[in-house]
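This report concerns only the one structure given below.
Computed from heavy atoms alone, side chains included, the values below leave out hydrogens, waters and symmetry copies.
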Amino acid sequence: MPRGKSSSGGSLFYRRKHSWRRDELVSRSTLHLLDFDDGTPPEHAWRRKLSSHANRLKEFNVTFREAFKMMKLGLRLWSYVREEASHGRKAPIDPFTRESSKPSASQGVPLGGMGTGSISRGFRGEFKHWQITPGSCDMSPVMENQFSIFITREGGSKKYSSVLAPGQHDGLKKSSDDGISSWDWKLRGDRSTYHALFPRAWTVYDGEPDPELKLSCRQISPFIPHNYEESSLPVSIFVYTLVNTGKERAKVSLVMTWANSIGGLSHQSGGHVNEPFIGENGISGVLLHHKTANNNPPVTFAVAARENQNVDVTVLPIFGLSGESSVTAKEMWGTMVQGGCFDRDNFNAGPSMPSSVGDTVCAAVSASTWVEPHGRCTVVFALAWSSPEVKFKKGSRYHRRYTKFYGTSPRSAINLAQDALMKYKHWEEEIDKWQTPILRDERLPEWYKITLFNELYFLVAGGTVWIDSDLSSSLPEDSDLPLHNSTCNSTVPLIGSSPPDFDDKENVGKFLYLEGVEYFMWCTYDVHFYASFALLDLFPKIELSIQRDFARAVLREDRTRVRFLADGTWGTRKVIGAVPHDLGAHDPWHELNAYNIHDTSRWKDLNPKFVLQVYRDFAATDDMSFGKDVWPAVCTAMEYIEQFDRDGDCMIENDGFPDQTYDAWTVLGVSAYCGCLWLAALQAAAAMARSLGHDDYADRCMVKFAKAKHVFEAKLWNGSYFNYDSGTSYSSRSIQADQLAGQWYTASSGLPPLFDEDRIKCTLQKIFDYNVMRVKGGRIGAVNGMHPNGKVDETCMQSREIWTGVTYSLAATMLLHGMEDQAFTTAQGIFLAGWSEEGYGYWFQTPEAWTIDGHYRSLIYMRPLAIWAMQHVLSPPRAILEAPKVNTMERAYVSPGALQFLQDSVRKITPKSGCF
């Protein structure tokens, strides 16, 4: 059946109603008035009133039984967290340290391109979730960072002034009348609305604070698929569209204020300098040079606006929050209320004196214009930040990707701002070309279109780091040596090979993203398995680069001794042949496997997931060079995992501990999840072997596949689904939502199904009926485990959770097998629970999981990017769509060599083996 079509030939996609019409929140007359220069928000967007309550989010709690079972793990983890803290490092998993600012339902579209060090912006306008320094995330808003408006009607009879954000924020404290509490926080927000469609957002002020002025702010960041230059830029644009509906001319002054801070208490560390500048093409503003603490690389912000014949730009290079400042925040506000601009002589001020410890220094940029009666005008601001160097805790330093195009000078922030102000319209054209075909697809429900784009926030706000590999180095901490090309030999390489290096065959640098802001590990591979569809579709060269990193890692060894916290045993950090869990934490690419709860060299899902991802990417890109380069790692990974076929029946077995991505859910014997992945990996390896001309290897894989499939079905198929595992525990007969993960990848890669279609559909229907519809009527996603009696499996924390990314991947599997209604109903549960106004408030911070009562675990998580697996089904890559049908069993004759291979099996690889 063709993808995206119903069996009757029509479109049966679930719920095509328009539930997010603009005119429900913004009057049609206002939309019409703003409909020039893209000032009107799009028809399809996520929307909120600025007056909406940002409720506190509720974190999950373990049950008494779960806490008792994990008590020893908790004690070891607590000790490890303290040990890492004594070295000034953050533990990869730290459930004990809490942020001072508790998370709330207030997030919005983040700023900047990918890997730049991100700043998020809440839907009410606050700048928060600062991640300029890798691995550091300060959630608190910096309330000095605001846009404000000052309006004087001709004749001076009417005046309005207000910060363009509601004043009810935790970060707004009235400790000093000279500070920002002295500003006019008059915006109620009930006539102002936020509209988000990543990477852009619109805020419409419909007569606030001036009833006769319509105002729209459009936030734009350069996230442009397949553009590997501009998508790496640390810059955002704010376009203000003004419409005067009154009878008098109006002088309108917009002011952007910015604190010399990178979040938290960094503004008080001292040594910060502000400096006005005048650039080219009428662009001017203020540079804020930030001296970071703890020897972290410095950061320079550029706040700028563009002057033209209608717009005048002036600046106040420095003001403070206390009476001891030469100019206070209160005085700055009074100047704007009185005259609507600053003194033009301020451009001649030069760099300020470095700030004192404990002081906060800020800057302001004003753009003023006259708007005629019934006239319109546009004012544009830019925010850029130059943070050219990335430094990890164990000393390695790199230059960010954007420095390849802008250099490493702190003053490159000026050029970034200038180019953004000149090019943003072109960026928007490219964004429209990408998004419009999906937004206009009438088959698709509106919530899906909105959520599909907005879940991409994670590729900016997920702690991403994008480096220029031409300027990489691994230097001792505090080294004054210049950055240069080098390699690191901190690990023991495979015998006969060179140390790991930074060969960049994709010519896009190197890319990292966190498992989640609470789980500090780069490119966690068992989770990337779900999330990688987004990169494959939008930035395929980055996806191939990540796969190359893991292919090299498969062939590496690191004999460092590591204590595994689940059982307290000691083992090897990285074993040859085992796919690493992650690329590290404090020295990525060089010190792998930051995760130390379990020994992941014994996990059963990582190696099959590597083979499946490699084949999918190979098939989708039709990149023969990539296939040939990673093929040795594929063979090694397949050979390694065969040691877990304990009884020689060609099917791997789990070892009675949580040896897979569900790392709290014990599994024993043949399992639905890992066994299905193994079957899929055998078929994918065979298909890849045939494409590369290794027919004998393909034969051997498929002989094993035939035998393993028989074992798998015999031990797990119960007539309506595959049991969780072949053991005898209470969970063994559970219905696992993710049991067909291997089939999902098989179908997504254009390979033949692993099982009869009737069995696949029967299993999916069972999951839909039980895991989806029996939990809150299908309105919160698919619970991981469900007993056949209809009760949620509460064996452990993870069995009773709803995993957002797994729900999306389950929906993609349903789409692949013609179950469109079930697919969109299943996925819509994540939208309803996480993104809708009636849900739990997880927009732009989608967690890994929530419980049935909506309590979250691990906000801002990688796995929900799996919604792009659904789009992969709806719009498959051309290479897969046009490829000839693969028949991995096309040869009726199996060579004697293959039969001998089956009988002898592959030799078992132990962690101490030293050669391949």
Side-chain angles (χ1 to χ4, degrees), residues 529 532 536 540 543-544 547-548 550-551 554-555 577 579 607-642 645 650-652 676-710 712 742-757 816 872 876-906 916:
F529 176 75
S532 56
L536 176 62
E543 167 60 12
L544 295 186
Q547 298 301 350
R548 288 181 183 275
F550 277 92
V554 168
L555 305 176
V579 173
N607 282 43
K609 284 176 175 177
F610 171 71
V611 176
L612 288 170
Q613 288 184 73
V614 163
Y615 179 74
R616 178 206 57 188
D617 296 349
F618 173 65
T621 61
D622 200 23
D623 189 331
M624 191 62 66
S625 174
F626 167 76
K628 290 178 179 177
D629 289 345
V630 300
W631 177 245
V634 170
C635 294
T636 303
M638 291 294 290
E639 187 177 10
Y640 179 89
I641 196 67
E642 290 204 45
D645 172 15
C650 297
M651 172 53 66
I652 62 172
C676 189
L677 290 171
W678 170 240
L679 289 175
L682 284 167
Q683 184 170 244
M688 191 168 182
R690 291 210 192 283
S691 297
L692 297 174
H694 305 298
D695 288 342
D696 287 345
Y697 187 93
D699 288 344
R700 295 197 295 271
C701 284
M702 291 315 298
V703 169
K704 284 184 167 293
F705 171 83
K707 187 172 182 181
K709 176 183 175 181
H710 173 75
F712 181 86
Q743 174 55 32
W744 164 43
Y745 254 72
T746 293
S748 295
S749 304
L751 293 172
L754 301 178
F755 315 108
D756 292 342
E757 186 69 14
L816 285 160
H872 183 89
R878 181 177 298 178
I880 290 179
L881 201 60
E882 297 178 354
K885 292 295 181 183
V886 176
N887 184 358
T888 49
M889 293 294 288
E890 62 186 358
R891 298 187 178 189
Y893 171 74
V894 179
S895 67
L899 289 174
Q900 185 65 41
F901 175 90
L902 175 60
Q903 293 165 3
D904 295 342
S905 186
V906 176
F916 275 93

Using every non-hydrogen atom in the two residues, find where [X] and [Y] come nearest and quote the distance to one decimal.
X      : Y      : result
Met638 : Ala685 : CE-CB, 4.1 Å
Gln613 : Ser532 : OE1-OG, 3.5 Å
Val579 : Ala637 : CG2-CB, 4.4 Å
Leu612 : Ala684 : CD2-CB, 3.9 Å
Ala620 : Ala879 : O-CB, 3.2 Å

What distance separates [X] [atom1] from [Y] [atom2], expressed to the nearest 0.5 Å?
X      : Y      : atom1 : atom2 : result
Gln547 : Leu536 : CD    : CG    : 9.0 Å
Ser749 : Trp744 : OG    : CH2   : 10.0 Å
Lys704 : Lys707 : NZ    : NZ    : 8.0 Å
Lys628 : Phe618 : NZ    : CZ    : 9.0 Å
Arg878 : Thr621 : CZ    : OG1   : 14.0 Å
Thr746 : Leu754 : OG1   : CG    : 3.5 Å

Does a side-chain heavy-atom distance below 4.5 Å link Cys701 with Gln683?
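The answer is no, as the side chains (C-beta and beyond) never meet within the 4.5 Å cut-off.
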Do Ile652 and Glu642 come within less than 4.5 Å of each other through their side chains, counting heavy atoms only?
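No, their side chains stay 4.5 Å or more apart.
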Please list, chain by chain and in numerical order, all residues satisfying side chain to side chain contact (heavy atoms under 4.5 Å, CB included) with [X], sequence neighbours excluded.
X      : answer
Pro753 : Gln743, Ile760
Ala708 : Cys650, Met651, Trp678, Leu679, Leu682
Ala689 : Trp631, His694, Tyr697, Ala698

Is there any salt bridge (Lys or Arg N to Asp or Glu O under 4.0 Å) pair reaching into residues 611-622, and which pairs are they, with sequence neighbours excluded?
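Found Glu543-Arg616.
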Indicate, with yes or no, if the rings of Phe712 and Phe755 have centres closer together than 6.0 Å.
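Yes, the ring of Phe712 comes within the 6.0 Å limit of the ring of Phe755, centre to centre.
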Please identify which of these residues, Leu692, Asn607, Val611, meets the side chain to side chain contact (heavy atoms under 4.5 Å, CB included) condition with Val634.
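Output: one option passes, namely Val611.
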Val630: which of Val554, Leu544, Val614 passes side chain to side chain contact (heavy atoms under 4.5 Å, CB included)
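Filter result, single survivor: Val614.
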Audit row: Arg690, Asp699, salt bridge (charged side-chain N to carboxylate O under 4.0 Å, His left out) steps and yes/no:
CA-CA 9 Å; Arg690 291 210 192 283; Asp699 288 344; 3.2 Å; yes
Quick check against the 3.5 Å criterion: does Tyr745 have a side-chain atom that pairs as donor or acceptor with the backbone of Phe529?
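The answer is yes, because a donor-acceptor pair under 3.5 Å joins these two groups.
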Residues in salt bridge (Lys or Arg N to Asp or Glu O under 4.0 Å) with Asp623, at least two apart?
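By the salt bridge (Lys or Arg N to Asp or Glu O under 4.0 Å) rule, Asp623 matches no residue at all.
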Residues that Phe610 engages under ring pair (Phe, Tyr, Trp, His ring centres under 6.0 Å), provided they are two or more places apart:
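Checked Phe610 against ring pair (Phe, Tyr, Trp, His ring centres under 6.0 Å); zero matches.
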